[in-house]
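Please read the structure below before turning to the comments.
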Amino acid sequence: MNIIRVHGGHAIEGDVHVSGAKNSALKLMAATLLAPGTTTLTNVPNISDVHVMGKVLKGLGATIEVADEHTLIIDTSAVDSWEAPYELVAKMRASTAVMGPLLGRFNRAKIAMPGGCNLGARKIDMHILGLEALGVQFDTDHGYIHANAPEGLTGTMVSLEFASVGATENLIMAAVRAQGTTTIDNAAREPEIVDLANMLNEMGAKVSGAGTPVVTVEGVEELHPVVHQVIGDRIEAGTFIVAGALAAGDRGVAVTGFNPQHLGMVLKKLELMGVSYERVNGGVRVWRAEHLRPVDIQTLPFPGFPTDMQAQVMVLSALADGNSIITENIFENRFMFASELVRMGANIRIESHHAIIHGVERLSGAQVVSPDLRGGAALVLAGLVAEGETDVSAIHHINRGYERFVDKLTGLGAQVERASIPDPLED
Ligand code: EPZ
């Protein structure tokens, strides 16, 4: 069994540069389907989710050249299928992001129905309602969603019940090729959506208002391939900023390669907890908080506090001087991480979608299991300050979204290694 082993109690210092954003790169790759020809994406993170999206595109008939570790040259001229198969959608829900582009290109798509995941039901009803308004007819059978727009797509007004990231992205990617204008009200405002809209506009689309609650898309006849750089990963950056707040030495930890404005609410909450940081070129430098204060956090759509930083900040609050409350409003099942942190000595009580965290003096190393991507990374962070050794297993979750996580931590002086131990469940 592959694990990440963390030897706690070592200060970390220096510079770490984050990779491109997973939650943007995946959608940008899907959007290349809209412009037959060769699109080049740079600053693409080398992570397993990107590899899965690559397989989805190849399955549709695209070719992908890996020009270097972070540059993909994607040729979609020969794409002749509109089916995203079960085995890939089951592996990665974000594969459903090809639905909008396929409808934009072929007026049809066949997507395996995405099941739930550790985080919750993860429904796509808002994607479907929005696309139906554009004239798409939906049918489901044998575990597949069949989406068809025999008359083509027609722009209209769509109001989202909740500012869903995925629904906003799929709607934008379909609407760029619709007849007329689409207005998406209560749209998600995440920086990754702005990155997607920027690339689509470089391709010749007419998307305005991305990053605000109202996005307007004027349909166009055709789109052309481009060269586009993926934005830096704000969640990876936030993860390393929390590592610095926990364990930085006197020189601090400089986290670069992202836009600090994409982490506004996180930095505000960290400051309230007593974490000091300064802006540096392309990022921030953070220092260890001598004295952590408790905090109340609600996860909300951007620019609110990102749910993808909830677990990492829970580690900080577990060592704060007092009681913190973290309320998870986005996913119904994102506290599985807490029980693993309790195994390391944290004092946490879960009451429906609230976590009540009573700060403790110290954490102790233990064998823990990653429940999901961000929970896994947060357990490694907890290991940095825990007494003794922490073995984090189920690290395939971490590999999905963190490129060279262990190398980047050891580059800062952390005592962390990848190891292989006998699987306790094996005879
Ligand atoms: C994206 O997921 C991200 N994933 C998630 O990051 C992130 O947590 C989430 O946005 C919120 O910021 C990718 O971009 C690949 P949503 P997405 O549509 O698009 C419910 C990570 O750790 N909902 O905004 O799936 C849904 O079930 C991952 O990197 C419906 O009910 O998020 C969820 O509870 C985890 N019906 C909530 O809304 C719908 O049609 C938010 O979903 C759509 C969503």
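Whatever order the structure lists ligands and atoms in, that order sets their numbers, starting from 1.
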> With only distance considered, is A94 within less than 3.5 Å of ligand 1 through an N or O on each side?
Replying inline: no
>> At under 4.0 Å between heavy atoms, is it the side chain or the backbone of D125 that contacts ligand 1, or both, or neither?
In response: both
> Considering the options I235, D233, I231, I241, which one meets the side chain to side chain contact (heavy atoms under 4.5 Å, CB included) requirement together with F258?
Replying inline: I241
> Between the side chains of T239 and K408, does any donor sit under 3.5 Å from an acceptor?
Replying inline: no
> Can you find a protein heavy atom under 4.0 Å from atom 20 (C) of ligand 1?
Replying inline: no
>> Looking at atom 4 (N) of ligand 1, tell me if a protein heavy atom falls under 4.0 Å from it.
In response: yes
> Should you measure from each heavy atom of K22, which atoms of ligand 1 turn up under 4.0 Å away?
Replying inline: 21 (C), 29 (O)
>> Checking D139 now: which residues fulfil side chain to side chain donor-acceptor pair (under 3.5 Å) with it, not counting sequence neighbours?
In response: none
> Which of the numbered atoms in ligand 1 are below 4.0 angstrom from a heavy atom of R334?
Replying inline: 8 (O), 22 (O), 35 (C)
> Ion pair present between E271 and K268, side-chain N to carboxylate O less than 4.0 angstrom?
Replying inline: no
> Counting each atom of ligand 1 from 1 as listed, which ones have a heavy atom of D308 under 4.0 Å away?
Replying inline: 5 (C), 6 (O), 7 (C), 8 (O), 21 (C), 22 (O), 28 (C), 29 (O), 35 (C)
> Looking at K22, H397, R374, which one forms a side chain to side chain donor-acceptor pair (under 3.5 Å) with Y402?
Replying inline: R374
>> Quick check: closest heavy atoms across G283 and P260, and the distance to 0.1 Å?
In response: O-CG, 3.7 Å
> Given E328, which of R334, Q298, Q310 fulfils the side chain to side chain donor-acceptor pair (under 3.5 Å) condition?
Replying inline: Q310
>> Using a 4.0 Å heavy-atom cut-off, which part of I330 comes near ligand 1: side chain, backbone, both, or neither?
In response: both
> Is any NZ, NE, NH1 or NH2 atom of the basic residue among E192 and R234 found under 4.0 Å from an Asp or Glu carboxylate oxygen of the other?
Replying inline: yes
> Who gets closest to atom 43 (C) of ligand 1 by heavy atom: K123, E328, M53?
Replying inline: K123
> Against heavy atoms of T307, which atoms of ligand 1 measure under 4.0 Å?
Replying inline: 8 (O)
>> With heavy-atom distances below 4.0 Å as the criterion, list the atoms of ligand 1 near L119.
In response: 35 (C)
>> Under a 3.5 Å threshold, yes or no: a donor from one side chain and an acceptor from the other, between N198 and H228?
In response: no
>> Between ligand 1 and F162, is the shortest N or O to N or O distance under 3.5 Å?
In response: no
>> What I want to check is whether the side chains of T327 and H354 have a donor and an acceptor closer together than 3.5 Å.
In response: yes
> K27 heavy atoms, cut-off 4.0 Å: which ligand 1 atoms fall inside?
Replying inline: 13 (C), 14 (O), 15 (C)
> With a cut-off of 4.0 Å, which atoms of ligand 1 are near a heavy atom of G166?
Replying inline: 18 (O), 19 (O)
> Could a heavy atom of M92 be found less than 4.0 Å from some atom of ligand 1?
Replying inline: no
